[in-house]
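Values in this document were obtained by computation on a predicted structure and should not be read as measured data.
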Amino acid sequence: MRRTLYLFGSAAPPVFDVARVIEDAQARGWDVCLGLTPTAADWLAEGTDGLAALTGHPVRSRYKRPTDPDVWPAADAILVAPATFNTVNGWALGLTDRFVVGVAAEAIGKGTPLAVMPCVNTAYVRHPQFEQSIAVLRGAGVRVLYGEDGFTPHPPGRGGAEPYPWPLALDAVDDLVRDTAQSRRD
């Protein structure tokens, strides 16, 4: 049985690698559904038909109407990456006006395994809300891949010296699903 991964991306440069990440996740046995923040959807607008064909599911960036059918299977795990300053803070504060943040916020209550890997620069992380938001998400059971355990911020306008650690993010969701399955058996 295939596992379903919701891959949620924000408007940060690593989102341009999402096709390769989808292929890598599929090679690991994931059925991938791609969700994007509105700005990320705008950045990838010319390629969303190809991304939908790659995943076999529509790319979503907006909530569906209450009367519309669900077009995605239920998630076995959710990976929010790259997660911008806005996405991390909105999620931690429960501000669910954006589809990807709303689904991720609800998933905490549903017990869906969740991982997030920020993509922010050092100026953003100096804002006091960011560290509070990271602590809130960790406290809610979200696996946060940040600092020594994931993404390391870089100075504004310089980009990262290292490539965005996508394999680490995919390893994290694999581990989360395996750990959840093990705890359910115990």
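- Counting heavy atoms from C-beta on, the side chains of Pro118 and Pro82 never come closer than 4.5 Å.
- The two residues Pro73 and Cys33 come nearest to each other via the heavy atoms CD-SG, 3.8 Å.
- Screening residues 79-105 for side chain to side chain donor-acceptor pair (under 3.5 Å), with sequence neighbours left out, gives Ser10-Thr87, Thr84-Thr87, Thr87-Arg98, Asn89-Ser133.
- Rounded to the nearest 0.5 angstrom, Asp17 CG and Glu23 CD are separated by 11.5 Å.
- Residues forming a side-chain contact (heavy atoms from CB on, under 4.5 Å) with Pro113 (at least two apart in sequence, or on another chain): Ala77, Leu176, Thr180.
- Residue pairs meeting the side chain to side chain donor-acceptor pair (under 3.5 Å) criterion with at least one member in residues 99-127: none, sequence neighbours excluded.
- Taken from CZ in Phe8 to CG in Leu79, the straight-line distance is 10.0 Å, to the nearest 0.5 Å.
- Closest approach of Val120 and Ala83 over heavy atoms only: CG1-O, 4.2 Å.
- Applying the side-chain contact (heavy atoms from CB on, under 4.5 Å) rule to Arg138 yields the partners Ile134, Val144, Tyr146; only residues at least two apart in sequence or on another chain are considered.
- Residues Leu145 and Val116 fail the side-chain proximity criterion, which asks for heavy atoms closer than 4.5 Å.
- Partners of Asp175 according to the salt bridge (Lys or Arg N to Asp or Glu O under 4.0 Å) rule, which considers only residues two or more places apart in sequence or in another chain, are Arg178.
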**Report entry** Verdict with reasoning, Leu5 to Leu170, per side-chain contact (heavy atoms from CB on, under 4.5 Å)
**Finding:** CA-CA 10 Å; Leu5 174 65; Leu170 293 175; 4.3 Å; yes
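- In this structure, Ile22 and Leu51 have side chains that are in contact, with non-hydrogen atoms separated by less than 4.5 Å.
- The shortest non-hydrogen separation linking Ala81 to Tyr164 is CB-OH, 3.5 Å.
- Counting heavy atoms from C-beta outward, Val100 and Tyr6 have side chains that stay 4.5 Å or more apart.
- Counting only residues at least two apart or on different chains, the side chain to side chain donor-acceptor pair (under 3.5 Å) pairs with a member in residues 26-44 are Arg28-Asp171, Arg28-Asp174, Trp30-Asp174, Asp31-His57.
- For Pro165, the side-chain contact (heavy atoms from CB on, under 4.5 Å) partners are Met117, Phe151, Leu168, not counting sequence neighbours.
- Arg60 and Lys64 get closest at one heavy-atom pair: NH2-N, 3.2 Å.
- A distance of 11.0 Å separates CD1 in Ile78 from OG1 in Thr4, rounded to the nearest 0.5 Å.
- Under the side chain to side chain donor-acceptor pair (under 3.5 Å) criterion, Asp24 pairs with Arg20, not counting sequence neighbours.
- With sequence neighbours excluded, no residue satisfies side-chain contact (heavy atoms from CB on, under 4.5 Å) with Ala45.
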